[in-house]
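Computed from a predicted structure; not experimentally measured.
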Amino acid sequence: MSAHAAPRKRVTLAELGAKKDAGEPIVVVTAYDHPSAQIVEAAGVDIVLVGDSAAMTVLGYDSTVPVTVDEMLMLTRAVRRGLTVPLLVGDLPFGSYEASDEIAIATAQRFLKEGGCDLVKIERGGSTVDRARALVQAGIPVVGHVGLTPQTATALGGYRAQGRTADAALAVIDDALALQDAGCAMLVVEAVPSEVTAALVPLLDIPVIGIGAGADADGQVLVFHDLLGLYDGPAAKFVKRYAGLREEAIAGVSAYASEVRGGVYPGPEHGYGMAAEEAARLRELLAAR
């Protein structure tokens, strides 16, 4: 931002609706800690998602299922402290909202009160539509999620595209419409054919954020560690790497280790000194012992 540029105003849901109506793409990215939040804030994104993908990218789990509410809240609070402009969305992790409306509301309230979220995200259609409706009626803004839903990927046959037949595509669209009817303020559509997204977007009044769903979505979301090349796990087909920070980080740490082992670092310029008279005085004190 230049010295004369006006500071960005905090993003609102009304602004996102206006972007949808104007055909102006919405930019969404994940973040999981304070430094990544500061980076995406400086990059000018519209929405930041503290996704349960943190289970794999940050916490070392092999899927999103094991991550807990407390773990997600710790990450969410760190992100909140790094943001001022983008909307903040928190993922409700697996097992934290499915059992009942009361449990869903209690969990979501923690994400708003303790995590500082503006909205919460839940996965799937079906019974989740009832949870979404209960959350909205409790005054909690909700983002729905259809298509590939990683929390239940096993039941869907693994991490694979959904909606590839006409009947399956219609089921995705019906879930999306039901979530909008339940009061969701936004929808994430993941890993569906572009034709499904193109058919779905005109049917919805709320913004549709795609991930592996083609260019017809109202906005796009990618995982911070994927787009910057920090995550060394398998990448989905839809991931595009915009940087190779993992390789750069390894090279940087390797160079440091080499200089330490070679006696190059630290050099004189990296240290602190004493006044000559104080150094002499110290030697005298030590000699007196």
Side-chain angles (χ1 to χ4, degrees), residues 1-11 27 29-45 47-62 66-88 90-91 110-111 113-118 222-233 235 241-289:
M1 183 184 296
S2 71
H4 302 291
R8 292 179 68 208
K9 295 181 180 179
R10 189 167 183 176
V11 175
V27 180
V29 71
T30 67
Y32 311 108
D33 57 22
H34 189 258
S36 61
Q38 290 180 310
I39 289 169
V40 299
E41 166 99 11
V45 306
I47 302 171
V48 174
L49 168 65
V50 184
D52 59 4
S53 47
M56 297 177 287
T57 59
V58 175
L59 299 177
Y61 296 119
D62 59 4
V67 70
T68 67
V69 169
D70 286 339
E71 287 171 326
M72 288 297 300
L73 282 172
M74 182 271 291
L75 300 175
T76 303
R77 288 193 294 268
V79 172
R80 176 75 275 170
R81 290 190 288 268
L83 297 181
T84 57
V85 174
L87 279 177
L88 179 60
D91 250 342
R110 291 191 66 190
F111 274 75
K113 293 179 68 173
E114 299 175 34
C117 289
D118 299 300
L222 277 180
V223 169
F224 183 86
H225 290 64
D226 286 342
L227 73 92
L228 292 180
L230 284 165
Y231 180 58
D232 67 345
R241 281 183 54 170
Y242 290 85
L245 297 191
R246 185 172 188 273
E247 291 84 355
E248 291 188 28
I250 292 171
V253 176
S254 296
Y256 159 72
S258 177
E259 289 198 356
V260 170
R261 290 174 179 139
V264 176
Y265 176 85
E269 69 275 21
H270 302 117
Y272 303 96
M274 294 176 72
E277 61 272 20
E278 293 298 332
R281 174 66 174 154
L282 175 61
R283 289 191 294 271
E284 292 173 2
L285 291 172
L286 289 172
R289 288 186 176 184

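A 4.5 Å side-chain heavy-atom check between L83 and V48 finds at least one atom pair inside the cut-off. At a threshold of 4.5 Å between non-hydrogen side-chain atoms, the residues V223 and T57 count as touching. When side chains are defined from C-beta on, D91 counts as touching M72, because their heavy atoms get closer than 4.5 Å. Side-chain contact between T30 and H225: absent, with no pair of heavy atoms (C-beta onward) separated by less than 4.5 Å. Using a 4.5 Å cut-off on side-chain heavy atoms (C-beta onward), V85 and R10 make no contact. For the pair L49 and V29, the minimum side-chain heavy-atom distance is 4.5 Å or more. V27 is not listed as a side-chain neighbour of I47, based on a closest heavy-atom distance of 4.5 Å or more.
Qualifying side-chain contact (heavy atoms from CB on, under 4.5 Å) partners for E278, counting only residues two or more places apart in sequence or in other chains: M274, A275. The side-chain contact (heavy atoms from CB on, under 4.5 Å) search around Y256 returns V260, Y265, not counting sequence neighbours.
Atoms CD and CG, from E277 and L282 in turn, are 12.5 Å apart once rounded to the nearest 0.5 Å. Rounding to the nearest 0.5 angstrom, the gap separating the CG atom in L228 from the CG atom in L222 is 10.0 Å. In this structure, the separation between NZ on K113 and CG on L73 is 12.5 Å, given to the nearest 0.5 Å. Of the inter-residue distances, the one linking S53 atom OG with Y231 atom OH reads 9.5 Å to the nearest 0.5 angstrom. Remark: L286 CG to R281 CZ distance equals 10.5 Å, nearest 0.5 Å.
Contact between Y32 and A54 at its shortest, heavy atoms only, is CD2-CB, 3.3 Å.
For residues 69-85, the set of pairs meeting the side-chain hydrogen bond (donor to acceptor under 3.5 Å, both in side chains) definition, not counting sequence neighbours, comprises E41-T84, Y61-E71, T68-E71, D70-R110.
With salt bridges taken as basic N to acidic carboxylate O contacts below 4.0 Å, one links D232 and R246.
In this structure a side-chain-to-backbone donor-acceptor pair under 3.5 Å is present from D118 to L88.
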